[in-house]
Colleague: 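I have a structure here, written as structure tokens, and I will follow up with some questions on it.
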Number of protein chains: 2
Amino acid sequence: MIDPDGPVPVYRQVADLLAARISSGELAPHRPIPSESTIVQEYGIARGTARRAVALLRERGLVYTVPQRGTYVGQPES
Amino acid sequence: MIDPDGPVPVYRQVADLLAARISSGELAPHRPIPSESTIVQEYGIARGTARRAVALLRERGLVYTVPQRGTYVGQPES
DNA sequence: TGTAATTTGTACGTATGTATC
DNA sequence: TGATACATACGTACAAATTAC
């Protein structure tokens with residue numbers, strides 16, 4: 001699933017995989033995406049890398065994070 | 001200079017200090033800001049924290065980074 | 001021409017704090 | 001109380017590109 005040795009950074013690979021899960025509808029609007037710990041386990045990566053992937057999705061406007069709560073699909077203020 | 005135990009994150013304290021050095025003219029447009037290693041030594045912080053501080057300045061549009069070269073005051077396209 | 005140093009980029013691991021549930 | 005989840009911060013290591021010598 002993840003190629004740690006490829007030219008594409010792992011955090012971007014993970015972000016793209018999560019983005020695909022959002023596009024497919026598996027992760028629906030205003031529903032939480034997997035937690036950092038879950039992402040770490042699912043993809044076998046470090047926590048810092050998982051955080052970077054989520055940060056990238058946030059920059060893309062695909063998700064929003066509520067501190068100490070979780071990260072959700074879509075945009076805040078519903 | 002840096003208060004590691006205060007409510008303000010270290011990376012933001014460092015970013016603000018660097019921003020002040022830019023405002024004062026000590027760091028002039030299109031001149032490099034201190035390297036990550038230098039920032040680490042100057043402020044006694046970890047490199048990851050220094051990188052976050054620089055990333056914050058980048059988000060604020062105060063600096064731009066040229067990979068493998070350095071980070072410079074102002075905006076690209078000179 | 002070749003080598004070493006510099007600098008940013010990526011990735012991992014660990015620890016602690018704070019807020020929520 | 002305890003578990004969960006994000007925020008911050010430390011340290012370490014290696015890669016890639018540029019620069020200096």
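Side chains are part of it too, since the values below use all heavy atoms of this structure and drop only hydrogens, waters and symmetry mates. Protein chains get the first letters and strands the later ones, always in sequence-line order, with residue 1 at the start of each.
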Colleague: Round to the nearest Å and state the distance from A:Arg58 atom CZ to D:dA7 atom C1'.
Modeller: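 Roughly 10 Å, once rounded to whole Å.
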Colleague: For the side chain of B:Pro9, counting heavy atoms from C-beta on, which of D:dA7, D:dT8, D:dA5 is nearest?
Modeller: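 Minimum distance to the B:Pro9 side chain belongs to D:dT8.
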Colleague: Please report, rounded to the nearest Å, how far the P atom of C:dA11 is from the OH atom of A:Tyr43.
Modeller: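 From A:Tyr43 OH to C:dA11 P: 15 Å.
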Colleague: Is there a continuous path of hydrophobic side-chain contacts, each under 4.5 Å between heavy atoms, that joins B:Val40 to B:Val14?
Modeller: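 The answer is no; the residues belong to distinct hydrophobic clusters.
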Colleague: Examine the base of D:dT18 for any acceptor or donor lying under 3.5 Å from a partner atom in the side chain of B:Gln68, and report the outcome as yes or no.
Modeller: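 No, the side chain and the base share no sub-3.5 Å donor-acceptor pair.
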Colleague: Would you name the heavy atoms of A:Arg58 and A:Thr65 that are closest together and state the gap between them?
Modeller: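 That would be NH1-OG1, 2.6 Å.
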Colleague: Give a yes or no on whether a donor-acceptor pair under 3.5 Å exists between the nucleobase atoms of C:dG9, that is its base, and the side chain of B:Arg47.
Modeller: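 Donor-acceptor pair under 3.5 Å: yes.
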Colleague: Choosing from D:dC10, C:dT10, D:dA7, which nucleotide comes nearest the side chain of B:Ile45?
Modeller: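 Selected nucleotide: D:dC10.
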Colleague: Side-chain N or O of A:Tyr11 versus OP1/OP2 of C:dA11: is the shortest distance under 4.0 Å?
Modeller: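 It does not, given that no N or O in the side chain of A:Tyr11 lies less than 4.0 Å from OP1 or OP2 of C:dA11.
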Colleague: In the hydrophobic clustering that connects Ile, Leu, Val, Met, Phe, Trp and Tyr at side-chain heavy-atom distances below 4.5 Å, which members other than B:Leu56 occupy its cluster, ordered by chain and number?
Modeller: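 Reading the cluster by chain and number, B:Leu56 sits alongside B:Tyr11.
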Colleague: For the pair made of CD1 in A:Ile33 and C1' in D:dC6, what is the distance, rounded to whole Å?
Modeller: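 In whole Å, D:dC6 C1' lies 12 Å from A:Ile33 CD1.
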Colleague: Is there a path of hydrophobic side-chain contacts, each under 4.5 Å between heavy atoms of I/L/V/M/F/W/Y residues, joining A:Val8 to A:Leu57?
Modeller: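 Per the 4.5 Å side-chain linkage, A:Leu57 and A:Val8 are not co-clustered.
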Colleague: With respect to the side chain of A:Thr71, which nucleotide from D:dA13, D:dC6, C:dT7 is positioned closest?
Modeller: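 The listed nucleotide nearest to A:Thr71's side chain is D:dC6.
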Colleague: Figure out the CD/C1' separation between A:Glu36 and C:dT20, and round it to whole Å.
Modeller: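 Roughly 15 Å, once rounded to whole Å.
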Colleague: Within this structure, what is the CG-to-P distance between A:Leu56 and C:dA11, rounded to whole angstrom?
Modeller: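 Rounding to the nearest Å, CG of A:Leu56 and P of C:dA11 are 11 Å apart.
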Colleague: Which one, C:dT8, C:dT10, D:dA9, comes nearest to the side chain of B:Ser35?
Modeller: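 Nearest nucleotide to the side chain: C:dT8.
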Colleague: NA contact type, A:Arg51, heavy-atom cut-off 4.0 Å: base, sugar-phosphate, or nothing?
Modeller: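 The residue A:Arg51 makes base contact.
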Colleague: Considering Watson-Crick and G-U wobble pairs with both distances under 3.5 Å, what does C:dG2 pair with?
Modeller: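 Base-paired to D:dC21.
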Colleague: Would B:Leu18 end up clustered with B:Tyr72 when hydrophobic side chains under 4.5 Å apart are linked, directly or stepwise?
Modeller: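 Not linked; separate clusters.
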Colleague: Using the rule given for side-chain contact (heavy atoms from CB on, under 4.5 Å), can you reason through B:Val63 versus B:Ile22, listing the C-alpha separation, both sets of side-chain angles and the distance that settles it, and then say yes or no?
Modeller: CA-CA 9 Å; B:Val63 301; B:Ile22 292 174; 3.8 Å; yes
Colleague: Select one nucleotide: of C:dG13, D:dT8, D:dC6, the one nearest the side-chain heavy atoms of A:Ala46.
Modeller: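 Looking only at heavy atoms from C-beta outward on A:Ala46, the closest nucleotide is C:dG13.
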Colleague: Return the value, rounded to whole Å, for the distance between atom CZ of B:Arg12 and atom C1' of D:dA9.
Modeller: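 After rounding, the reported distance stands at 15 Å.
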Colleague: With sugar-phosphate meaning primed atoms plus P, OP1 and OP2, does A:Gly48 contact a base, only sugar-phosphate, or nothing at under 4.0 Å between heavy atoms?
Modeller: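 Counting heavy atoms under 4.0 Å across all strands, no contact is made by A:Gly48.
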Colleague: Atom CD1 of A:Ile2 and atom C1' of C:dA11: how far apart are they, to the nearest Å?
Modeller: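 Whole-Å distance recorded here is 13 Å.
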Colleague: Can you tell me if B:Arg69 touches the phosphate of D:dA17, counting only side-chain N or O atoms and a distance under 4.0 Å to OP1 or OP2?
Modeller: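 Indeed not, no polar side-chain atom of B:Arg69 lies that close.
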Colleague: Expressed as a whole number of angstroms, how long is the span from A:Tyr72:OH to D:dC6:P?
Modeller: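 It is 9 Å, rounded to the nearest whole Å.
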Colleague: Base, sugar-phosphate, or nothing: which does B:Ser37 touch, judged by heavy atoms less than 4.0 Å apart?
Modeller: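 Here B:Ser37 touches no strand at all.
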